[in-house]
Every structure is written in structure tokens, then in C-alpha cells.
Amino acid sequence: MAFIHFCQSRIVIFEFLVLVFIGICFSKLNGISDSHLSLDYYKKTCPSVEGIVRKEMECACLSDPRNAALILRLHFHDCFVQGCDGSVLLDDTVTLKGEKNAPNNKNALKGFKIIDRIKNRIESECPGTVSCADILTIAARDAVLLVGGPYWDVPLGRKDSKKAGYELTDTNLPTADEGLISIISKFMSQGLSVTDMVALSGAHTIGKARCVNFRNRIYGDFKMTSTSYINPISSSYLSKLKSLCPPIEINGSSDNNETSMDNITPNLFDNSYYHVLLKGEGLINSDQELYSSFLGVQTKKIVEKYAANTIAFFEQFAESMVKMGNITNPETYVNGEVRKSCRFVNT
């Protein structure tokens, strides 16, 4: 027992030193906020903006609850590349290489037509007033709320970028097979803490993953972290995943097969994602790392906290979403715009 405690202590110290080092590296970025944003930004110029977004999101989520996850993911992928500036919404053109077809985004992002519909409605009432970046941020909040999640006030006033960050998608976005320290560093580089990272990962309670992103997990350490070797239910779940995602891709037929990351309540925003991690059944490696990594002493405690307390998770998720939404692109306040179409820069 003494040896075990000694090892655990060494791990805690090592983890602490690594996080301190990462924190020093990104200290100038921590606590990013934006004085341009305010809760009443459109009070006079477009007071109906939030009502319009809510109605369109209600229609989208009623037609398919999964649309909530699609919009939430779009918001994440936007904010982690250049800040929340609507750059993820840009289509490729002769003079602009958008982010949609970057390796980490291609086949992973959907929901663009929902944002198009919202933008068209808003343009008919308040032309040239509301940025696509703000629309996506409000829509992400409403997406969470409409499938059972928490509400938070959304600061507004973002401008749309005239540029995209194709290369940044490779360096900034966390990937499915990434290690815990690397994931933490990517969040810290955005000014987000370890607590923010664990809370925001809870968004996967309504998301789906493609076979290409969970193949390594189910043919790797899934059995080691779960009870599938003794638990019939867990074993059955693993068998189902393997039938959906064969070990070797054949003619591109299975890479895009999808399944829910929360197999308990996939269409409800709740804390069951954390219960999945406690059982060792996280679908992708980067999720299960939060609980099972030997470096995850801090993240493990947070996972346990949110699994035991839905209110604590909801409160932190709302706070962390505001914090992430406040990561804006300073360049847009010098050279940004309010796009007429979210897919193209104004001409």
C-alpha cells in the first residue's frame, strides 16, 4: 500500500509540474475576454435577434434532436480556430481556402444549412446588422437548452472574419486519439482551464463519433478500461461497436459509420456522459483519457464530481461556454464585417 501511495504522489507531482509548465507557456492567453461584447449589443439595432434564432433552433431540434449536437460542434470548431469569428462557416472560393475541408473538419461538420436559414431570417428583419459569429454563438446556447441543458446569457458584438484558418485546424483542434496533456495544452492555449476542458467535453453527451475516430479505441484499450471481459452488457456494447466499425477499412465503406458518444441518453443533454466514463466505456480515446489516464488525477476527480452532481456540471458548462464564446478574433474589429451570407465574404 505504501508503494501505491508513493506512486500516486509521484504522478500527482508530475501532473502538477506539467500543467504549471503549460500554464506558463500560455499565461498571456489565459482568461481571454473581449470588451467589445455586451448582453445588450443588439438592443436597438435588432432586438428580435434572439427570438428569431430560438424559433429556428426549435424547428431544427424538433425535426431531428441531433441538430443540437451539430450546431454545438460547429461553435466549438469555430472558436478554437482564430476565435469565434464565423470562419468555420466560409465556403472555399478561388481566393479563399475555408476550414470545412480541412482534415479535422471534413465529414465531421454539418448543420450549415440551419445557420443559413437563421441568417436569412435575420437579414430580412435587420439587414447587415447581426454577424454570423453571433448567430452561431446564440444558436449553440439554444441548441443545448432545447435538448435539456442549461441556459446562459450570451454576450454579443462579434464581427465576422474575412479569412479562414485552414492550417490552424490541424494544430488547434483536439483529436479523438490525443493524449490528455496534449488536449489540456490545446484548451489552455485558448485561455481555458482544466475544469473548463472537462466541463466542455460534456458536450459529447449529445454528440456522435465516426468509426474512423473510435476504431483505435475499440480495438485498443476498451477492454482494459471497461468491464467488458466480465460484464455481459458491456461486452455486448463492445461487440455492437465492432460490428459497426470493422478493424480494417474496406473501400471507404465504414469510416463514416456513426454512433453516439453517450449510449445511455444520446438525445438528452445531461451528465450521463460522465457515467459512461466511470464505466470505462468512453467511445473515443480522448474522452476516456479524462478518467483513465494515469496523468488524470485532477480530471478524474472532476469527472466523478459531474457524474454525481448534474447541477454542478450544468453550472460549470454554462460558465465555460461563455468563456469559450468570449474568445474572439481581435483582427475582426479592425478588418472584420457583418457578412450578408455566412458562406462568403462580402464583395
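These numbers come from a predicted model, not from an experiment.
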For this session: Please report the C-alpha distance between R217 and L283 in whole Å, then the side-chain angles of each, then the deciding distance to 0.1 Å, and finally whether the side-chain contact (heavy atoms from CB on, under 4.5 Å) criterion is met.
Result: CA-CA 7 Å; R217 165 79 173 135; L283 183 64; 6.0 Å; no

For this session: Please say whether more than 12 non-hydrogen atoms of neighbouring residues, nucleotides or ligands are located less than 6.0 Å from NZ in K242.
Result: yes

Is the shortest distance from a Lys or Arg side-chain nitrogen in [X] or [Y] to a carboxylate oxygen in the other one below 4.0 Å?
X: E56; Y: R121; answer: yes
X: D116; Y: R343; answer: yes
X: K162; Y: E331; answer: no
X: D91; Y: K100; answer: yes

Problem set entry | Verdict with reasoning, E50 to R141, per salt bridge (charged side-chain N to carboxylate O under 4.0 Å, His left out) | CA-CA 10 Å; E50 294 203 41; R141 185 274 311 277; 2.7 Å; yes

Can you tell me if [X] and [Y] form a side-chain donor-acceptor pair at under 3.5 Å?
X: N120; Y: E123; answer: no
X: D262; Y: S260; answer: no
X: T225; Y: S292; answer: no
X: Y151; Y: D142; answer: no
X: H204; Y: D287; answer: yes
X: S87; Y: E99; answer: yes
X: S286; Y: D177; answer: no
X: N216; Y: N285; answer: no
X: T169; Y: N105; answer: no

Is there side-chain contact between [X] and [Y], with at least one heavy-atom pair below 4.5 Å?
X: T328; Y: L37; answer: yes
X: L145; Y: P150; answer: no
X: K305; Y: K301; answer: no
X: L136; Y: V88; answer: yes
X: R339; Y: F344; answer: no
X: V147; Y: L268; answer: no
X: H77; Y: L173; answer: yes
X: L192; Y: L200; answer: yes

Return the minimal non-hydrogen interatomic distance between [X] and [Y], and the atom names on each side.
X: D270; Y: F313; result: O-CE2, 3.4 Å
X: N257; Y: L244; result: ND2-O, 3.0 Å
X: T129; Y: C46; result: CG2-CB, 4.1 Å
X: Q288; Y: E281; result: OE1-N, 3.4 Å
X: R215; Y: S254; result: NH2-OG, 3.3 Å
X: T205; Y: S272; result: OG1-OG, 3.9 Å

[X] side-chain N/O to [Y] backbone N/O, donor-acceptor pair under 3.5 Å:
X: N213; Y: A176; answer: no
X: H275; Y: A307; answer: yes
X: S293; Y: L290; answer: no
X: S236; Y: P232; answer: no
X: D92; Y: K97; answer: no
X: S182; Y: E178; answer: no
X: K119; Y: V130; answer: yes
X: T332; Y: S161; answer: no
X: S234; Y: N231; answer: no
X: D160; Y: A133; answer: yes

What distance do [X] atom [atom1] and [Y] atom [atom2] have between them, rounded to the nearest 0.5 Å?
X: L146; Y: L62; atom1: CG; atom2: CG; answer: 8.0 Å
X: I284; Y: F222; atom1: CD1; atom2: CZ; answer: 12.5 Å
X: N346; Y: K340; atom1: CG; atom2: NZ; answer: 5.5 Å
X: I135; Y: I114; atom1: CD1; atom2: CD1; answer: 13.0 Å
X: I206; Y: K208; atom1: CD1; atom2: NZ; answer: 12.0 Å

For this session: Give the intermediate values and the outcome of side-chain contact (heavy atoms from CB on, under 4.5 Å) for residues M197 and K186.
Result: CA-CA 9 Å; M197 184 267 291; K186 288 186 175 181; over 6 Å; no

With the 4.5 Å side-chain cut-off for hydrophobic clustering, are [X] and [Y] part of the same group?
X: V338; Y: Y41; answer: no
X: M261; Y: Y291; answer: no
X: I183; Y: V276; answer: no
X: I122; Y: L90; answer: no
X: M188; Y: I302; answer: yes

For this session: Under the salt bridge (charged side-chain N to carboxylate O under 4.0 Å, His left out) rule, what do D196 and K323 come out as? Steps first, then yes or no, please.
Result: CA-CA 9 Å; D196 293 321; K323 192 174 176 181; 2.8 Å; yes

Exercise. Stepwise, does the side-chain contact (heavy atoms from CB on, under 4.5 Å) test hold for M321 with F76?
Worked result: CA-CA 9 Å; M321 284 296 290; F76 271 77; 3.9 Å; yes

Problem set entry | Residues V144, L72; criterion side-chain contact (heavy atoms from CB on, under 4.5 Å); working and verdict | CA-CA 7 Å; V144 171; L72 187 55; 3.9 Å; yes

For this session: Would you please indicate if the ring centroids of F80 and F187 are separated by under 6.0 Å?
Result: yes

Problem set entry | F317/F269 aromatic ring centres below 6.0 Å | yes

For this session: Assess whether side chain to side chain donor-acceptor pair (under 3.5 Å) is satisfied between Y166 and N101, documenting all intermediate values.
Result: CA-CA 8 Å; Y166 182 95; N101 290 314; over 6 Å; no

Problem set entry | The single option from Y274, Y273, F314 passing ring-ring contact (aromatic ring centres under 6.0 Å, His included) against Y306 | Y274

